[in-house]
Amino acid sequence: MGGNTTGLSFQELQNIEVRLESAMNRIRSRRNELLTMQARDIISKGNDLWAENNMLKRKLEELLQTSSENPAVSITDRLSTSEIGNATSSSKDAPDTKLKLG
C-alpha cells in the first residue's frame with residue numbers, strides 16, 4: 001500500500017507496479033461498467049417520462065377540445081378518479097387538499 005519500500009529490490013518494485021496497474025485497470029473497467037448501466041437506466045427513464053408526457057398532452061388536448069365543444073361541463077368533471085390517480089405518481093403520498101367547511 002505504498003508503505004516502507006526502501007528495502008525492496010528493483011524487481012520487487014516492478015512486480016508491485018504491475019499488480020497495481022492491473023488492479024487499477026480492473027477498477028476502471030468496473031467503474032465504466034457501472035456508469036454505462038446508470039446512463040442506460042437514466043435514458044430509459046427519460047424515454048418513459050417523455051412518452052407519458054406526450055400521452056398526457058394528448059389527453060389534455062382531447063379534454064380541451066371536448067370542453068370547447070360543451071363549455072357547460074368542466075374538464076375536471078370529465079376526468080374520472082382513475083385518470084386523475086394515473087396522472088400522478090403516487091396519490092397515497094399526496095397531501096390532502098380537500099376544503100372542509102364548517
Side-chain angles (χ1 to χ4, degrees):
M1 298 304 287
N4 187 6
T5 57
T6 54
L8 299 178
S9 69
F10 180 77
Q11 184 63 40
E12 291 170 322
L13 289 173
Q14 278 187 321
N15 288 339
I16 292 172
E17 182 181 16
V18 168
R19 289 192 317 229
L20 285 172
E21 287 175 357
S22 175
M24 288 297 296
N25 287 335
R26 286 191 309 271
I27 291 168
R28 286 185 187 111
S29 176
R30 178 65 179 147
R31 181 197 62 200
N32 289 337
E33 182 181 315
L34 290 173
L35 288 173
T36 300
M37 288 172 34
Q38 288 176 346
R40 286 181 183 153
D41 187 43
I42 289 169
I43 289 169
S44 175
K45 287 178 183 179
N47 288 338
D48 291 345
L49 289 172
W50 182 82
E52 183 180 3
N53 186 42
N54 283 335
M55 185 254 327
L56 291 172
K57 282 180 184 179
R58 283 192 303 276
K59 279 188 176 184
L60 180 59
E61 288 170 359
E62 290 171 11
L63 289 171
L64 291 173
Q65 179 69 28
T66 307
S67 177
S68 66
E69 293 170 1
N70 187 359
V73 180
S74 71
I75 291 174
T76 54
D77 292 338
R78 296 176 196 276
L79 289 174
S80 70
T81 307
S82 63
E83 287 175 325
I84 292 172
N86 289 338
T88 61
S89 60
S90 176
S91 59
K92 294 177 194 170
D93 297 332
D96 182 14
T97 57
K98 297 176 186 170
L99 177 63
K100 298 176 184 176
L101 300 175

CG (Asn54) and CG (Leu56) are apart, to the nearest 0.5 Å, by 9.0 Å

*Asp41 side-chain N/O to Met37 backbone N/O, donor-acceptor pair under 3.5 Å*: no

The reported gap from CZ in Arg58 to CE in Met55 (rounded to nearest 0.5 angstrom) is 7.5 Å

Rounding to 0.5 Å, atoms CG (Leu8) and CD1 (Ile16) come to a distance of 5.0 Å

Note: Arg30-Glu33 ion pair, threshold 4.0 Å (strictly below):
yes

d(Lys59 NZ, Leu64 CG) to nearest 0.5 Å is 14.0 Å

key: Side-chain donor or acceptor of Ser44 paired with backbone N/O of Arg40 under 3.5 Å   = no

CG of Asn15 to OG of Ser9, rounded to nearest 0.5 Å, is 8.0 Å

Is it true that a side-chain atom of Glu21 and a backbone atom of Val18 form a donor plus acceptor pair closer than 3.5 Å?
-> no

Note to self: Ignoring hydrogens and geometry beyond distance, is a side-chain donor-acceptor pair present between Arg26 and Ser22 at under 3.5 Å?
What the structure shows: yes

Has the side chain of Thr36 got a donor or acceptor atom that lies under 3.5 Å from a matching backbone atom of Asn32? yes

- Item | Asp48 side-chain N/O to Trp50 backbone N/O, donor-acceptor pair under 3.5 Å | no

Taking it one step at a time, do Gln65 and Glu61 satisfy side chain to side chain contact (heavy atoms under 4.5 Å, CB included)?
-> CA-CA 6 Å; Gln65 179 69 28; Glu61 288 170 359; over 6 Å; no

